[in-house]
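What follows is a set of notes on a single structure, which appears directly below.
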Amino acid sequence: MSPANSRRSSRRLLETVTAVRQPALWRGLLLLTVTYVALVSLPMPWAPYGIGLDASWMLGLSLAHHQAMVAGRDIVFQYGPLGYLVYPDLACGTPVPPLLYRIGLYLILVAALCRLAWIHRSKVAAFWTVLLLGLGISLDPMPEQSQGIIALTAGALLLLVDRSRWRSLEASLLAVLAALGFLGKLDQGVEGIAIFLAVLVAVVLQNRPLDWPARRLWLAVLSVLPLSIVAFYWASTGSLPSLVAYLRSGWEITSGYSETMGLAGPLWQPALACATIAAAFAAVLLVAGDLRTLLPGLTPALIVSFFAFKHAMVRQDAHAALFQGNFAFGLLFLLVSARLARDRRLILVLELFSFGMSYAIEVEQFPGFDQDVRARLELRRAGPTLAAFWHWQSTWTNVGTAEQGLRARLRLPARFHEIVENGTVDVQPWEVDVVQANGWRWQPRPIFQSNSAYTPVLDRMNAEHLEGDRTADFVLVDFSDIDGRHPFLEAPFSWRAMLDRYDLSFSGEGWLLLQHRSRRRWGPLARMGGYRAHWDENVPVPATNDFLVMAPRISPSCAGKAESLFFRSGAVYMEGTFGSGRRFQWRCVPRNLAAGFLIYPFPLSLRELQPLFLPDRYLASSDQIVSVRFHADKPGEFAPEIPIVWSRLPVIAGQ
């Protein structure tokens with residue numbers, strides 16, 4: 001054999017050996033990567049939530065479940081009937097359902113990643129997809145809240161990749177996860193449903209043309225979503241007819257959130273988010289070598305981008321730091337769809353930029369977060385986490401004991417307990433943890449935190465409850481506010497109902513304890529006149545010795561509706577002047593004002609609120625509001641004219 005032939009034979013032999021070894025090397029690397037990501041992605045064990053606003057709604061979800069309250073009818077919140085599984089409390093009883101929820105979602109995530117790594121044609125793409133998903137989980141400062149949507153994302157990525165006969169089963173599981181999310185947290189549920197539908201459409205288009213058996217198969221898969229929603233709702237509430245009420249109240253919650261809870265922050269945050277979205281998708285559309293193969297992942301990537309932006313930028317507080325990480329999850333749909341190496345490299349650059357920005361912003365936003373990320377990536381958290389779940393009963397008990405210790409400081413003096421005895425208690429505006437700390441029976445308004453009564457429909461639900469026979473015997477009242485919103489300007493209808501149907505029983509420790517009265521205090525509204533105001537116009541307030549109600553109708557413009565849908569609404573404020581010269585500025589919930597709020601008297605503190613609940617006739621103050629004006633950060637989002645109706649609240653004789 002000549003030297004040249006010998007060299008060619010040696011080269012062919014080397015190529016053959018390399019070709020044999022390369023798949024084995026990639027399989028080994030993928031196995032190690034999936035194992036590492038599985039350890040990095042271990043769900044966080046239960047921990048005490050503390051006390052305060054957020055801890056109160058978390059507790060409220062568990063209490064509602066324990067007391068068999070029906071979501072949509074008895075209780076309305078951003079979380080659904082399965083929300084207690086996301087943030088469980090000792091009050092919800094056994095830890096088994098929350099345990100199964102966390103472990104079940106974790107196992108689905110790991111199984112989806114294992115199968116994706118096994119079947120993906122490009123082992124390079126599979127490696128980076130698995131690794132980046134694990135990195136994104138490590139950079140998530142709210143892992144309990146995100147666990148469901150991350151498991152669903154992993155399932156959707158797998159469904160885009162798989163071409164086997166198991167595809168319909170995987171799609172059905174994805175529908176179940178979307179339904180589970182919809183009954184857990186509303187906004188994530190809507191996002192999950194949108195991702196499921198987008199991926200399902202992509203799968204069906206990939207399988208064209210469809211014969212009749214294939215059409216029936218995919219129609220059956222599609223039907224899994226509504227059937228799962230019905231099944232989960234019935235299993236968790238026992239009341240199937242109330243599902244319509246849950247859907248209706250859920251729409252009110254989601255549609256009113258952007259208008260009501262918007263909180264402006266630094267301009268660079270939405271500017272960077274918009275630039276990231278625009279640059280990423282422009283690069284994909286203009287630079288990608290094979291755009292056709294990226295199309296199946298394009299729609300779900302856009303869906304994730306939209307929800308990531310809304311979730312981060314409606315309230316530019318800690319939420320704003322989460323955009324880059326959530327956006328990077330959406331780009332994974334493009335990564336698994338890419339066929340060309342140059343396209344994968346382009347998407348990887350975009351991914352690494354977003355994750356890098358996510359890390360930098362979150363480290364700045366959350367003190368100590370850097371150490372938490374390192375501990376997770378270095379697997380120093382894996383051992384304690386596994387031990388906590390292995391000894392889940394003692395973990396649950398220890399967390400409950402810690403929670404009770406934190407709530408002990410909320411215990412009120414004996415006089416409150418002597419009055420309440422065995423009566424039921426509601427709390428205004430949101431301190432559910434105080435009711436639990438004092439061992440009272442909680443009987444809340446449907447929207448049990450008043451700051452969540454985003455729309456007139458929700459405010460009216462609370463008012464009808466307070467006026468009905470299912471209202472609590474007592475209401476514990478504080479004068480706390482959210483985002484500088486005056487209580488009367490937040491939920492005016494329900495506040496009028498509470499003033500009408502409750503009397504002051506005791507005050508102390510910064511609280512008013514109100515007791516339900518059998519008869520109404522006021523008669524129907526008596527209209528006095530009207531006025532047509534404009535933004536930043538001083539509106540004279542009629543002088544009267546009677547209770548005076550003001551009902552301004554602030555309507556959004558077409559531009560305002562669009563901004564609320566894609567971003568958030570601008571804040572609206574009421575500014576006022578008393579006869580004594582005192583001035584104030586409070587934020588409003590614009591749509592709710594048309595129900596009519598009490599403008600005279602208009603208390604600015606708990607001390608000034610207290611006389612309004614006295615059983616005897618209210619003694620009019622000489623210091624009345626003489627003028628008010630409405631100011632909007634973005635007046636173009638609203639109609640220029642504000643019709644106002646003035647009404648008198650007559651006191652019923654003998655009251």
Can you confirm if the aromatic rings of W440 and F474 lie within a centre distance of less than 6.0 Å? no

Under the criterion ring-ring contact (aromatic ring centres under 6.0 Å, His included), which of W430, Y87, Y49, Y84 is the partner of W57? Y87

Can you name the nearest heavy-atom pair linking L548 to P542, along with the distance? CD2-O, 3.6 Å

Quick check: does any side chain N or O of R648 sit under 3.5 Å from a backbone N or O of T544, one acting as donor and the other as acceptor? no

Strictly below 4.0 Å, N to O, side chains only: are R315 and D483 in salt-bridge contact? yes

Could you verify whether a donor N or O on one side chain and an acceptor N or O on the other, from R583 and T577, lie under 3.5 Å apart? yes

Please step through side chain to side chain donor-acceptor pair (under 3.5 Å) for the pair H516 and D473, ending with a clear verdict. CA-CA 5 Å; H516 187 252; D473 300 320; over 6 Å; no

S450 and R445: side chain donor to acceptor below 3.5 Å: yes

What heavy-atom pair brings F602 and F578 nearest, and what distance separates the two atoms? O-CZ, 3.9 Å

Between R411 and N438, is any pair of side-chain heavy atoms under 4.5 Å apart? yes

Answer yes or no: is there an ion pair linking D89 with R407, defined by an N-O contact shorter than 4.0 Å? yes

Smallest separation among heavy atoms of Q365 and A318, with atom names: NE2-CA, 4.0 Å

Does the separation of the ring centres of F416 and W511 fall below 6.0 angstrom? no

I'd like to check I599 versus I625 (side-chain heavy atoms, cut-off strictly below 4.5 Å). Are they in contact? yes

Quick one: does M550's side chain get under 4.5 Å of F597's, heavy atoms only? yes

Aromatic centroids of H486 and F479 separated by under 6.0 Å: yes

Atom of G262, atom of R587 and distance for their closest heavy-atom approach: O-NH2, 2.7 Å

With heavy-atom distances below 4.5 Å as the criterion, would you say the side chains of L458 and F493 are in contact? no

Treating H65 as the side-chain partner and G83 as the backbone partner, does any N or O pair qualify as donor plus acceptor under 3.5 Å? no

Side chains of Y454 and N592: any donor to acceptor distance under 3.5 Å? no

Are the side chain of T153 and the backbone of I149 linked by a donor-acceptor contact shorter than 3.5 Å? yes

Would you say Q443's side chain and R470's backbone share a donor-acceptor pair under 3.5 angstrom? yes

Check the side chains of S627 and N538 for a donor-acceptor pair under 3.5 angstrom, ignoring hydrogens and angles. no

CD (Q585) with more than 12 external heavy atoms under 6.0 Å: yes

Under 3.5 Å, side chain of Q449 to main-chain N/O of G60, donor-acceptor pair present? no

Less than 6.0 Å separating the ring centroids of F309 and F567? yes

So, the side chain of D500 versus the backbone of R521: is there a donor-acceptor pair under 3.5 Å, distance only? yes

Flag if over 12 foreign heavy atoms under 6.0 Å of CZ, R553: no

Can you find a heavy atom in the side chain of Y600 that is under 4.5 Å from one in the side chain of D546? no

May I ask you to decide if L272's main-chain N or O and T276's side chain share a donor-acceptor pair within less than 3.5 Å? yes

Is the backbone N or O of V86 less than 3.5 Å from a side-chain atom of Q145, with the two atoms forming a donor-acceptor pair by type? no

Has D433 got a side-chain atom pairing as donor or acceptor with G52's backbone, closer than 3.5 angstrom? yes

Please determine whether the number of non-hydrogen atoms from other residues, nucleotides or ligands lying under 6.0 Å from atom CZ of F366 exceeds 12. yes

Among side-chain atoms of T237 and Y246, is any donor-acceptor pair under 3.5 angstrom? no

Here the pair of heavy atoms bringing D481 nearest to R485 is CB-O, 3.1 Å

